[in-house]
Enquirer: 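I have a structure I would like to understand better, so I am pasting it below and will then ask my questions one at a time.
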Amino acid sequence: MHTEIILSTKNPYILPSTLRSHGWVDLLPNIPDEKVESFSRVERLSSGKVINIHAASLGSKLPKIIITVKHEDALMQIERNEIVKRVRYMLRLDENLRGFYDLCKKKGNKWKNFTEGRGYLLRSPEIFEDLVKVICTTNIQWGGTKRMVKELVESFGVPFPGDPALLSFPSPESISSISLEEFKDCVRLGYRAGYIYELSARITSGDLKLNGLIDTSTPAAEVKKRLIEIKGVGNYAAASMLMLLGRYDQIPVDTVFRSFMKAKYFDNKPFSEEEGLSIYEDWGRWKYLAYWNEMLAFYYPKAEIK
DNA sequence: GTCCAGGTCGCGC
DNA sequence: GCGCGACATGGA
């Protein structure tokens with residue numbers, strides 16, 4: 001059976017832009033449609049029920065988000081609420097980028113055409129999933145990231161009863177239920193296996209709680225410190241996580257940043273990290289969005305979404 | 001075969 | 001607080 005849930009948006013919002021904002025939509029269990037205007041994924045709810053959700057948008061100014069849920073038994077209200085919460089989180093429907101849009105208008109030039117409703121970056125419903133995925137982007141090419149995430153999902157995800165080929169993202173418990181040696185054998189994560197295994201084990205044992213990282217009353221610097229305390233998370237991964245947690249004042253300095261900055265601002269000559277970061281200094285709490293969207297426009301000028 | 005990727009860790013100074 | 005090699009794996 002299936003159930004439709006309709007979400008309202010309170011800010012300008014362009015779903016295809018969110019889906020194309022970075023590579024996350026291409027990492028399992030996310031599956032985009034061919035045009036990347038909607039996507040689906042399998043979710044294991046707290047109740048244990050495994051469902052398949054599909055999210056699309058309808059309308060333009062303040063679009064409706066149409067969630068189509070495929071499920072076996074009837075959905076309980078508490079399960080519907082959880083689905084809504086997760087989709088709103090993934091799509092950042094409760095995030096307001098007004099400050100960024102205003103700054104774009106002030107900046108003028110190319111920035112004044114930055115369409116309101118763009119700028120949202122897709123994220124995962126759980127911080128654990130985003131953390132694992134970010135660790136899987138370190139010191140490897142994108143193809144490797146996709147392969148590692150795929151292997152994790154295929155080895156530890158739970159199947160959707162309506163189509164057992166479709167799997168959820170693994171829970172920390174499913175990973176830490178086997179030994180590290182067994183884990184290394186079934187998923188080729190390279191040296192990252194230890195990091196992801198330890199992360200899973202610490203969450204399972206209750207030693208590490210990730211939900212506190214969302215708390216907006218905690219200073220970003222404190223959140224970053226806690227992130228870096230996680231094995232396998234360094235400066236780049238922590239800055240990426242801050243972005244995924246809705247804080248844009250840090251820029252992840254990686255090969256993407258360096259090669260883009262070198263080409264765009266430094267005439268292909270070497271530059272220091274400090275010099276690079278200073279370019280976005282006046283974007284205040286919106287540095288990441290300025291950098292990322294400028295980078296996208298630089299490499300994919302035709303990908304502009306109206 | 002060799003190099004290195006959307007880096008990070010742990011060591012030695 | 002910095003510099004540097006090691007790290008698993010597969011694609012370029």
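Lettering follows sequence order; numbering is per chain, from 1. This is a predicted model, so every value here is computed, not measured.
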Enquirer: Counting side-chain heavy atoms from CB outward, which of B/dG6, B/dG10, B/dG7 is closest to A/Lys231?
Expert: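 From the listed options, B/dG10 comes nearest.
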Enquirer: Please list, chain by chain and in numerical order, all residues satisfying salt bridge (charged side-chain N to carboxylate O under 4.0 Å, His left out) with A/Glu95, sequence neighbours excluded.
Expert: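 With neighbours one apart ignored, the set is A/Arg92, A/Arg123.
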Enquirer: Is A/Gly144 touching bases, backbone alone, or none of the nucleic acid, heavy atoms closer than 4.0 Å?
Expert: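 Here A/Gly144 touches no strand at all.
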Enquirer: Would you indicate which nucleotide in C/dT9, B/dG6, C/dC7 comes nearest to any side-chain atom of A/Asn139?
Expert: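 Minimum distance to the A/Asn139 side chain belongs to C/dC7.
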Enquirer: Name the nucleic acid region contacted by A/Arg192, choosing base, sugar-phosphate or nothing; use a 4.0 angstrom heavy-atom cut-off, strictly under.
Expert: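 The answer is base, as A/Arg192 lies within the cut-off (heavy atoms under 4.0 Å) of a base atom.
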Enquirer: Across the strands shown, which category fits A/Tyr195 at heavy-atom distances under 4.0 angstrom: base, sugar-phosphate, nothing?
Expert: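 The answer is sugar-phosphate, as A/Tyr195 gets under 4.0 Å only of primed atoms, P, OP1 or OP2.
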Enquirer: Describe the nucleic acid contact of A/Ile230 in one word from base, sugar-phosphate, nothing, applying a heavy-atom distance below 4.0 Å.
Expert: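 Sugar-phosphate, backbone atoms only, no base.
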Enquirer: The side chain of A/Gln141 is closest to which nucleotide in this list: B/dG7, C/dT9, C/dA12?
Expert: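 Ranking B/dG7, C/dT9, C/dA12 by closest atom to the A/Gln141 side chain puts C/dA12 first.
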Enquirer: Does the cation-pi check pass for A/Arg98 over A/Phe100, that is, NZ or CZ under 6.0 Å from the six-membered ring centre and within 45° of its axis?
Expert: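 So A/Arg98 doesn't make the cation-pi contact.
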Enquirer: Which part of the nucleic acid, if any, lies within contact of A/Ala237, taking any heavy atom under 4.0 Å across all strands shown: a base, the sugar-phosphate backbone alone, or nothing?
Expert: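 Sugar-phosphate contact only - A/Ala237 comes under 4.0 Å of backbone atoms but never of a base.
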Enquirer: Would you mind classifying the nucleic acid contact of A/Val233 as base, sugar-phosphate or nothing, using non-hydrogen atoms under 4.0 angstrom?
Expert: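 If one applies the 4.0 Å heavy-atom cut-off, A/Val233 turns out to touch the sugar-phosphate alone, with no base involved.
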Enquirer: Can you list the steps and then say if A/Trp111 with A/Asn293 is a side-chain hydrogen bond (donor to acceptor under 3.5 Å, both in side chains)?
Expert: CA-CA 10 Å; A/Trp111 286 110; A/Asn293 286 290; over 6 Å; no
Enquirer: Quick one, which residues of residues 261-274 of chain A touch DNA chain C with a heavy atom under 4.0 Å?
Expert: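 None - not one residue of the stretch has a heavy atom sitting under 4.0 Å from the strand.
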Enquirer: How far does the C1' atom of B/dC3 sit from the matching atom of C/dG5, given to the nearest Å?
Expert: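 Here B/dC3 and C/dG5 have their C1' atoms 16 Å from each other.
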Enquirer: What integer number of Å spans the C1' atoms of C/dA6 and B/dC4?
Expert: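 Result for the C1' pair: 14 Å, nearest Å.
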